[in-house]
Amino acid sequence: MAKLITPRSEDYSRWYTDIVLQAGLADYSPVRGCMVIRPLGMALWENMRAELDRMFRETGHENAYFPLFIPESFMHKEKEHVKGFAPECAVVTHGGGQKLEEPLVVRPTSETIIYAMYAKWIQSYRDLPLLLNQWANVVRWEMRTRLFLRTMEFLWQEGHTAHATEAEAEEEAVRMMNVYDTFAREFMAMPCLKGVKSDAEKFAGALRTYCIEALMQDNKALQAGTSHNLGQNFAKAFEVKYQSESGGIEYVWNTSWGVSTRLIGALVMAHSDDQGLVLPPRLAPTQVIVVPIYKENEREQVVAAMNRIVAILSPHVRVKGDARDGMRPGFKFNEWEMKGVPLRLEVGPRDLAAGQVTVARRAVREGTAAKQSVSIDSLADVVPGLLEEIQKDLYDQALKRRDANTHTLDSYDEFKKVIEEKGGFLLAHWCGGVECEARVKEETKATIRCIPLQGDLAAVPGVCLVCGGPSPRRVYFARAY
RNA sequence: CGGGACGUAGCGCAGCCUGGUAGCGCACCUGCUUCGGGAGCAGGGGGCCGGAGGUUCAAAUCCUCUCGUCCCGACCA
């Protein structure tokens, strides 16, 4: 027994770290608070990025790139923004052996430098909407860090758009929240809540922040993506103006939205088990691993069969053969399970004699129910369907768990009890007051994760959990990462 | 920055209380036997015990200082 993963139930935090390190997603770096993303983690991010990029393009966006350094004065132009980000900014004061005239902030997010450029690019209503996205790294000087979930430097995408009207900007912000939700559901197999942040939780400088929130296996919530309606706050700060059709000068309306490598952490915490990483087939860098099983004199024949199978499947799925000699099959089984490969094909003399392979699904391990025999001739037809089935099962399982851990409550005492004993999403009435929100946070460590949108089932009036005042709708509370 | 713990081989740890010159598991290297769920045996390499100072004939062990890491809070994608 080489590598063991701490059981989830014993120490969730340790379990998570074990999986990230042992699956080979990432490693600690020599720089405190930073992280090295290893090839498996990067391949996963690249797959996420490819799908997101496609979705961004389908909604009319293009990629661009803006500088890492932001003049410090830019950060000060929007007062809420600087208040929110100044404490966590890394600042460059020297360059080329000399003290800089004006310090440069390493971007914690790029609104300021992007809208400074937009001011130059936008003159007329004909220049709108301007819909750009950039893939970049950002730096935030965090006190405490955790692999993928919160590191001082992380990779993300940030979309920044400018529109002629408030309605268009609002539509865009909601659209991108929905894009994120669709991505999480269809590719990560991760169900999310959608909604608006309370004022206390919204982005520094935004009018309104939309978000998707997912529930992890320890029943804590994770903010998986945000989309902000920035109103005209940045347009006014950076003089982003255009001449309208009627000839008047108007400020533009902006949105910004982003997801980060935190999604990899979300993926780990959403699906993995005590055997290691579990990856949804649509994002798995390797979807199928073929493991040959042989005695010394059978090697040549079995490895040839393995290569044949890889060749048959290659046009249809991301498949690899593991012909490493001197390792027993059981070791390879465990290793690929730890790395989260959704489907394993075992090929041995017994299978070959019958013209078939043994197929094992990653996420189900108990008993032999997880294994089945499939004829080699039908592999190309069967395997893609199996992968889709796994993808669907992962989602169903996550949704079932999320729903089972969402509680509708009306009593504050019960709320405190449930948050302490069970966790999960607590759907309760809130009057909208900052005092009530702060009191819940203070007393239970739970925050409002999101306020469901109009038309949601939760939009039924009631009385506030804390003060008993009128409440327009229930909101989702949870303890969060 | 407050509260707690820990620094001994690549990783995980024991040894410390009661000082005597460093050990275990995994990983790594070599050989043989193995190979349908983390192989067995034999042999081998690898450490200024986080750093500095002190006590002592003698310090991983006792004392002082220092540096670093992790966990719990405040902050956060």
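Proteins come first, then strands; the chains are lettered A, B, ... in the order of their sequence lines, and each starts at number 1. This is a predicted model, so every value here is computed, not measured.
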### Message
Check Glu346(A) with Lys332(A), please: is the shortest side-chain N to carboxylate O separation under 4.0 Å?
### Response
no
### Task
Could you measure between the two P atoms, the one in A22(B) and the one in G46(B), and give it in whole Å?
14 Å
### Query
How far does the P atom of C26(B) sit from the matching atom of A42(B), given to the nearest Å?
12 Å
### Message
Please report the distance, rounded to the nearest Å, between CE in Met306(A) and P in G36(B).
### Response
17 Å
### Query
Nearest-Å distance, CZ (Phe333(A)) to P (G37(B))?
7 Å
### Message
With rounding to the closest Å, how many angstrom separate the C1' atoms on A59(B) and G51(B)?
### Response
15 Å
### Message
Any base atoms under 4.0 Å from Ser260(A), or only sugar-phosphate, or nothing? Heavy atoms, all strands.
### Response
base
### Message
Suppose we define a pair by two distances each less than 3.5 Å, Watson-Crick or G-U wobble; what does G31(B) pair with here?
### Response
C41(B)
### Rounded distance (Å) that lies between atom P of A77(B) and atom CE of Met177(A)
17 Å
### Message
Any base atoms under 4.0 Å from Gln223(A), or only sugar-phosphate, or nothing? Heavy atoms, all strands.
### Response
sugar-phosphate
### Message
Does this structure show an ion pair linking Arg324(A) with Glu335(A), if we count only N-O contacts that are shorter than 4.0 Å?
### Response
yes
### Task
With Arg107(A) as the cation and Trp156(A) as the aromatic partner, state whether NZ or CZ is under 6.0 Å from the six-membered ring centre and within 45° of the axis.
no
### Message
Heavy atoms only, 4.0 Å cut-off, all strands: where does Leu149(A) land among base, sugar-phosphate and nothing?
### Response
base
### Query
Using the P atom in both, what is the distance from G73(B) to U55(B), to the nearest Å?
44 Å
### Message
Expressed as a whole number of angstroms, how long is the span from Phe331(A):CZ to U34(B):P?
### Response
21 Å
### Query
Taking only side-chain nitrogens and oxygens of Arg328(A), does any of them come within less than 4.0 Å of OP1 or OP2 of U34(B)?
no
### Task
Using the P atoms only, state how far C11(B) lies from G19(B), rounded to an integer number of Å.
31 Å
#### Entry: A60(B) pairs with, by Watson-Crick or G-U criteria that keep both distances under 3.5 Å
none
### Query
Are the ring of Trp156(A) and the six-membered base ring of A77(B) within the stacking cut-offs of under 5.5 Å and under 30°?
no
### Note: Arg54(A)-Glu51(A) ion pair, threshold 4.0 Å (strictly below)
yes
### Task
Hey, which sits more toward the 5' end of RNA chain B by its nearest nucleotide, Ala224(A) or Tyr28(A)?
Tyr28(A)
### Query
Can a salt bridge be assigned to the pair Arg175(A) and Glu171(A) using a cut-off of 4.0 Å between side-chain N and carboxylate O?
yes
### Task
Give Glu296(A) one of three labels, base, sugar-phosphate or nothing, depending on what nucleic acid heavy atoms sit under 4.0 Å from its own.
base
### Query
With a 4.0 Å cut-off on heavy atoms, is Thr358(A) in touch with a base, just the backbone sugar-phosphate, or nothing at all?
base
#### Entry: Ion pair check, Arg362(A) and Glu337(A), cut-off under 4.0 Å
no
### Task
Just name whichever nucleotide pairs with U21(B), Watson-Crick or G-U, keeping both distances under 3.5 Å, else none.
none
### Task
For C1(B), give its Watson-Crick or G-U wobble partner with both distances under 3.5 Å, or none.
G73(B)
### Task
Check the angle between the aromatic planes of Phe415(A) and Tyr412(A) and answer parallel, tilted or perpendicular using the 30° and 60° thresholds.
tilted
## Note on the structure
note: Asp322(A), atom CG; C35(B), atom P; distance rounded to Å ~ 18 Å
### Query
NA contact type, Gly258(A), heavy-atom cut-off 4.0 Å: base, sugar-phosphate, or nothing?
nothing
### Message
Could you tell me how far apart Arg146(A) (CZ) and A77(B) (P) are, to the nearest whole angstrom?
### Response
16 Å
#### Entry: Euclidean distance for C1', G25(B) against G20(B) (whole angstrom)
27 Å
### Task
Could you tell me which nucleotide pairs with G46(B) by Watson-Crick or G-U wobble geometry, both distances under 3.5 Å, or answer none if nothing does?
none
### Message
Should the side chain of Lys371(A) and the base of G37(B) be counted as holding a donor-acceptor pair, with the cut-off at 3.5 Å?
### Response
yes
### Query
How close or far is atom P of G36(B) from atom OH of Tyr294(A), stated in whole angstroms?
11 Å
### Task
Name the pairing partner of U55(B), where a pair is Watson-Crick or G-U wobble with both distances under 3.5 Å, or state none.
none
### Query
For Leu155(A) and A77(B), what is the distance between atoms CG and P respectively, to the nearest whole Å?
17 Å
### Query
Contact class for Phe148(A) (heavy atom, under 4.0 Å): base, sugar-phosphate, or nothing?
base
### Query
Under the 3.5 Å rule, do the base of G37(B) and the side chain of Arg344(A) count as making a donor-acceptor pair?
yes
### Task
Give one of base, sugar-phosphate or nothing for Ser227(A), where a contact means two heavy atoms less than 4.0 Å apart.
nothing
### Lys/Arg-Asp/Glu bridge criterion (N-O < 4.0 Å) met for Glu62(A), Arg57(A)
no
### Message
Roughly how many Å apart are U66(B) and A9(B), using the C1' atom of each and rounding to a whole number?
### Response
25 Å
### Query
Using purine N1 to pyrimidine N3 plus N6-O4 or O6-N4 for Watson-Crick, or N1-O2 and O6-N3 for G-U wobble, both under 3.5 Å, which nucleotide pairs with G7(B)?
C67(B)
### Query
Within the structure shown, what part of the strands sits under 4.0 Å from Pro349(A) by heavy-atom distance: base, sugar-phosphate, or nothing?
base
### Message
For G38(B), does the base pair up with any side-chain atom of Glu335(A) as donor and acceptor (N or O, under 3.5 Å, distance only)?
### Response
no
### Query
Which whole number of Å gives the distance between the C1' atom of U69(B) and that of A27(B)?
23 Å
### Message
Looking at A14(B), which nucleotide sits across from it as a Watson-Crick or G-U wobble partner, both distances under 3.5 angstrom, or is there none?
### Response
none
